[in-house]
**Q** 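Below is the structure I would like to discuss, written out as structure tokens.
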Amino acid sequence: MRTSVQSRGFSISYRVEGEGPPLVLLHGWSRWADTWWDAGYGEALVGDYRVIAVDWLGHGESDKPHDPGEYRERPVVADIVAILAAEHVDRALVWGFSMGARHAATLAVMEPERVGALVCGGSAPLPALDGRRERMLGWAESVRNDEQMEAFLRSLGSPEESIVNSLARNDSAALSAAIAGFAESTPVADDIVAPS
């Protein structure tokens with residue numbers, strides 16, 4: 001079942017299927033909730049879990065603002081918490097892929113009582129401090145319109161069907177803002193303080 005919740009003045013779309021312990025799925029950049037089913041995971045999981053797959057802000061059927069500030073970690077976590085509240089879920093298993101892995105890890109750090117277990121795949125949930133922020137800001141600049149987005153996805157080796165679907169389901173300027181906001185949430189070496 002597709003539904004949505006209002007969070008921070010935006011509509012956040014998500015898909016809920018199955019019975020059992022709640023499992024939140026957080027997709028990667030330029031994807032959406034249904035891609036978990038397209039890849040075969042959704043059907044495999046709904047027999048054992050109540051799957052809550054999120055179209056995070058800027059993706060799929062969720063609203064698509066163009067302000068990078070809306071995509072920083074704290075606001076994205078607020079969106080996930082709003083979904084959990086709407087679904088009357090106090091604590092869930094959380095699985096994030098790629099950029100969704102970072103959102104999942106951030107949820108676990110900011111709202112530890114909400115996360116029963118955490119799986120992060122396709123990306124390290126903790127950012128590297130080796131120029132990642134600058135690279136991501138460069139990527140954000142390179143996908144600001146559909147032509148740039150198509151060229152970027154092709155450079156990654158994305159299959160044709162994936163490129164067509166991504167362009168149809170997303171807004172390039174919103175995806176650019178999502179990368180920029182994500183990059184601005186990435187700490188730099190000066191932000192890291194050694195424990196005393």
Side-chain angles (χ1 to χ4, degrees), residues 1-4 10-18 23-47 49 51-66 68 70-71 73 76 79-80 83 94-107 118-125 127-128 132-133 135-183 185-186:
M1 169 185 81
R2 268 281 181 181
T3 189
S4 64
F10 298 112
S11 177
I12 307 298
S13 181
Y14 61 100
R15 180 175 176 173
V16 180
E17 289 191 29
L23 170 62
V24 175
L25 300 178
L26 301 173
H27 60 80
W29 177 80
S30 82
R31 305 290 87 203
W32 51 92
D34 297 339
T35 56
W36 291 96
W37 275 262
D38 296 343
Y41 293 103
E43 283 304 317
L45 293 167
V46 296
Y49 299 96
V51 176
I52 304 168
V54 179
D55 280 357
W56 40 282
L57 188 69
H59 294 74
E61 295 180 23
S62 290
D63 284 347
K64 297 171 177 66
H66 295 174
E70 301 297 349
Y71 297 95
E73 293 295 335
V76 170
D79 297 342
I80 299 165
I83 291 168
V94 181
W95 180 3
F97 178 77
S98 191
M99 203 177 274
R102 170 86 175 273
H103 294 321
T106 303
L107 174 67
L118 178 66
V119 175
C120 297
S123 177
R132 178 180 177 134
R133 177 180 173 276
R135 280 193 313 277
M136 292 182 76
L137 289 173
W139 294 340
E141 284 298 314
S142 71
V143 297
R144 296 177 70 89
N145 61 52
D146 285 353
E147 293 78 25
Q148 290 177 315
M149 172 67 89
E150 182 176 356
F152 182 77
L153 293 172
R154 285 190 193 293
S155 76
L156 296 176
S158 298
E160 186 65 27
E161 182 179 357
S162 177
I163 293 169
V164 169
N165 287 336
S166 186
L167 291 170
R169 303 275 310 249
N170 293 305
D171 172 303
S172 297
L175 292 181
S176 172
I179 294 175
F182 188 80
S185 296
T186 299

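Numbering starts at 1 and runs along the sequence shown. Heavy atoms only: backbone and side chains are in, while hydrogens, waters and symmetry mates are out.
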**Q** Any idea which heavy atoms bring Ser62 and Ser13 closest together, and the distance?
**A**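 Taking every non-hydrogen atom into account, OG-N, 2.8 Å.
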
**Q** Can a donor-acceptor pair be found, under 3.5 Å and without considering hydrogens, that links the side chain of Asp63 to the backbone of Ser11?
**A** yes

**Q** Is there a donor-acceptor pair under 3.5 Å between the side chain of His59 and the backbone N or O of Leu57?
**A** yes

**Q** In the structure I gave you, are the side-chain heavy atoms of Leu25 and Leu45 within less than 4.5 Å of one another anywhere?
**A** yes

**Q** Could you tell me whether the side chain of Trp29 and the main chain of Ser98 form a donor-acceptor pair under 3.5 Å?
**A** no

**Q** Taking the six-membered ring of Phe182 as reference, does the NZ or CZ atom of Arg102 fall below 6.0 Å from its centre and within a 45° cone about the axis?
**A**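 Flagged: Arg102 positioned over aromatic ring of Phe182.
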
**Q** Could you tell me the separation between the CZ atom of Phe152 and the CD atom of Glu147, rounded to the nearest 0.5 Å?
**A** 15.5 Å

**Q** Run Asp171 and His66 through side-chain contact (heavy atoms from CB on, under 4.5 Å) and show every step you take.
**A** CA-CA 9 Å; Asp171 172 303; His66 295 174; 3.1 Å; yes

**Q** Considering all heavy atoms of both residues, which atom of Ala183 and which atom of Arg133 are nearest to each other, and what is their separation?
**A** O-CG, 3.4 Å

**Q** Given 3.5 Å as the limit, does a donor-acceptor pair link the side chain of Asn170 with the main chain of Gly60, or not?
**A**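 Flag set: sc Asn170 to bb Gly60 pair under 3.5 Å.
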
**Q** Please name the pair of heavy atoms, one in Ala104 and one in Val94, separated by the smallest distance, quoted to 0.1 Å.
**A**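 Taking Ala104 first and Val94 second, the nearest heavy atoms are CB-CG1, 3.6 Å.
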
**Q** What is the distance from atom CD1 of Ile179 to atom CZ of Arg135, rounded to the nearest 0.5 Å?
**A**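 Ile179 CD1 to Arg135 CZ: 12.5 Å, rounded to 0.5 Å.
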
**Q** Taking all non-hydrogen atoms of both residues into account, name the closest pair between Tyr71 and Ala178 and its distance.
**A** CG-CA, 3.4 Å

**Q** Any chance you could measure Thr3, atom OG1, to Ile83, atom CD1, to the nearest 0.5 Å?
**A**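 Nearest 0.5 Å value for the OG1-CD1 distance: 9.5 Å.
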
**Q** Which is it for Ser172 and Leu167 under the side-chain contact (heavy atoms from CB on, under 4.5 Å) test, yes or no, and what are the steps along the way?
**A** CA-CA 7 Å; Ser172 297; Leu167 291 170; 4.3 Å; yes

**Q** State, with a plain yes or no, whether a side-chain heavy atom of Glu141 is found less than 4.5 Å away from one of Gln148.
**A**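 Not touching, per the 4.5 Å side-chain cut-off.
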
**Q** How about Trp95 and Tyr41: are their ring centres within less than 6.0 Å of each other?
**A** yes

**Q** Please work out whether the ring planes of Trp56 and His27 are parallel, tilted or perpendicular, with thresholds of 30° and 60°.
**A** parallel

**Q** Would Ser166 and Arg31 count as a side-chain contact (heavy atoms from CB on, under 4.5 Å) if you check the C-alpha gap in whole Å, the side-chain angles of each, and the deciding distance to 0.1 Å?
**A** CA-CA 7 Å; Ser166 186; Arg31 305 290 87 203; 3.2 Å; yes

**Q** Atom CD of residue position Glu161 - does it have more than 12 heavy atoms of other residues, nucleotides or ligands inside 6.0 Å?
**A**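 No.
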
**Q** Give me the atom names and distance for the closest heavy-atom approach of Ala33 to Asp55.
**A** N-OD1, 2.6 Å

**Q** Cation-pi between Arg15 and Trp37: NZ/CZ under 6.0 Å from ring centre and within 45° of the ring axis?
**A**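 Yes, a cation-pi geometry holds between Arg15 and Trp37.
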
**Q** Calculate, to the nearest 0.5 Å, the distance between atoms CD and CD1 belonging to Glu61 and Ile12 respectively.
**A** 12.0 Å

**Q** Apply side-chain contact (heavy atoms from CB on, under 4.5 Å) to Asp34 and Arg169, showing your working.
**A** CA-CA 11 Å; Asp34 297 339; Arg169 303 275 310 249; 3.5 Å; yes

**Q** Could you tell me whether a side-chain N or O of Ser176 sits under 3.5 Å from a main-chain N or O of Val143, the two making a donor and an acceptor?
**A** no

**Q** Between Ser158 (side chain) and Ile163 (backbone), is there a donor-acceptor pair under 3.5 Å?
**A** no

**Q** Using 0.5 Å steps for rounding, measure from the CD atom of Glu160 to the CD atom of Glu150.
**A**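 Reported value, rounded in 0.5 Å steps: 7.0 Å.
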
